[in-house]
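One structure is given here, and the rest of the page talks about it.
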Amino acid sequence: MRTKKEKIKQLYKILFKEYGPQGWWPIMKSLEKPAQNYHPQDYSFPHNQKELIEMALGAILTQNTSWHQVEKALWNLKKLTHFSLNKLLQLEEESFKNAIRPAGYFNQKFKKIIFFLTAFQKWKKKIPSRQELLEIWGLGPETADSILLYAYKRPIFVIDAYTQRILRELKLVSPNSSYDEAQELMMTSIAPNTNIYQEFHALLVAHAKRHYSKKPYAQNCELKNHL
DNA sequence: AACCAGGACGTGA
DNA sequence: TCACGTCATGGT
């Protein structure tokens, strides 16, 4: 009988073997067409401030929204501003909202993005703490941790709804586990490592999209048999 | 045609 | 703390 921490390590091995490196966080590589946004086995992103901003805005835009819709919004913003901080902050409110409209909740998300960019500008090159991110209106734990893990490459584990479903199904957390409970389990099971945390989170999403999106969950999920 | 998508906030118990 | 309504668009 493995311990929970051992099962988490095993889970990573199984998922990586099954799905391979995922190449998160997706980044628009050109203005040609957003087909090749992933970059498996390349952990060098973001390369500059514009890519960092693109990742952070993607993290906000994807709140309760499919990535497919977020791509459209990011595409519109890229055409308008190339993710230049000044151009984003100077963009007309109506144009901004129209650009991000495909991602839904555009009134709230506009506000969230402006608040984030204003704080970002104030920080200059400094890396924000988790607490500083959480103090920004519109950034909850998942969005803050996504920005830290992918945009700032800090070794913090991102917990999303998919991850909770899988961990609960495997009974590795309590049935109504909190964000902190799940995060604590992951981070005490896997030694802090940015690249691994990025892959693991992306792998959990990849697996959950297949087996944990429609109820009843985990219909053809083999994980239980291999842990 | 209902259901959901890589959540977070505001409110009232 | 916690459950519930709200925010909005577009896939399947």
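Each chain gets a letter, A, B and so on, in the order its sequence line appears, and its residues count up from 1.
- Going from the P atom of B:dC4 to that of C:dC4 covers 16 Å, rounded to whole Å.
- Looking at residues 166-178 of chain A, you'll see that no heavy atom sits under 4.0 Å from any atom of DNA chain B.
- A gap of 14 Å separates the C1' atoms of B:dA1 and C:dG10, to the nearest Å.
- Remark: DNA chain C forms stems of 3 or more consecutive Watson-Crick or G-U wobble pairs, all pair distances under 3.5 Å, at B:7-13 with C:1-7.
- With sequence neighbours excluded, the residues that form a side chain to side chain contact (heavy atoms under 4.5 Å, CB included) with A:A73 are A:L61, A:I100, A:A103.
- Atom CD1 in A:I60 sits roughly 16 Å away from atom C1' in C:dC7 (whole-Å rounding).
- Residues forming a side chain to side chain contact (heavy atoms under 4.5 Å, CB included) with A:L85 (at least two apart in sequence, or on another chain): A:Q49, A:I53, A:L89, A:L117, A:F120, A:Q121.
- For residues 107-119 of chain A, the set of pairs meeting the side chain to side chain donor-acceptor pair (under 3.5 Å) definition, not counting sequence neighbours, comprises A:Q63-A:K112, A:T65-A:K109, A:K97-A:N107.
- Look at C:dG11: its glycosidic torsion is within 90° of 0, and that puts it in the syn range.
- Look at CD on A:Q164: it is 17 Å from C1' on B:dA5, rounded to the nearest Å.
- Rounded to an integer number of Å, the gap from CZ of A:R101 to C1' of C:dC7 is 13 Å.
- Counting only distance, with no hydrogens or angles, the side chain of A:T62 and the backbone of A:A59 share no donor-acceptor pair below 3.5 Å.
- Using P as the reference atom, C:dA8 and B:dT11 are 16 Å apart when rounded to the nearest Å.
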- Item | Where protein sits on nucleotides 6-13 of chain B, one letter per nucleotide: B base, S sugar-phosphate only, - none, heavy atoms under 4.0 Å | BBSSS---
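- Taking A:F45 as the reference, A:H39, A:H47 meet the ring pair (Phe, Tyr, Trp, His ring centres under 6.0 Å) condition, with sequence neighbours excluded.
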Show me the side-chain donor-acceptor pairs of residues 220-227 of chain A shorter than 3.5 Å, one per line, residues at least two apart or across chains.
residue : atom : partner : partner atom : Å
A:E222  : OE1  : A:N225  : ND2          : 3.2
A:K224  : NZ   : A:E169  : OE2          : 3.2

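- Atom CZ of A:R165 and atom P of B:dC4 are 8 Å apart (whole Å).
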Counting only pairs under 3.5 Å, give me each side-chain donor-acceptor contact of residues 203-216 of chain A, with atom names and distances, residues two or more places apart or in other chains.
residue : atom : partner : partner atom : Å
A:H207  : ND1  : A:Y19   : OH           : 2.7
A:S213  : OG   : A:K209  : O            : 3.0

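- The shortest side-chain heavy-atom distance between A:W67 and A:L74 falls under the 4.5 Å cut-off.
- Scored by the side chain to side chain contact (heavy atoms under 4.5 Å, CB included) test, A:S66 finds A:H68, A:Q69 as partners (sequence neighbours excluded).
- Across the protein-nucleic acid pair, A:L61 atom CG and B:dA5 atom P stand 18 Å apart, rounded to whole Å.
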Return a table of donor-acceptor pairs under 3.5 angstrom between the side chains of residues 191-199 of chain A and protein atoms on other chains or two or more places apart.
residue : atom : partner : partner atom : Å
A:N193  : OD1  : A:N195  : N            : 3.1
A:N193  : OD1  : A:I196  : N            : 3.0
A:T194  : OG1  : A:K153  : O            : 2.9
A:Y197  : OH   : A:I190  : O            : 2.6
A:Q198  : NE2  : A:L149  : O            : 2.9
A:E199  : OE1  : A:Q22   : N            : 3.0
A:E199  : OE2  : A:Y43   : OH           : 2.7

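- The stretch residues 77-100 of chain A participates, sequence neighbours left out, in these ring-ring contact (aromatic ring centres under 6.0 Å, His included) pairs: A:F96-A:F110.
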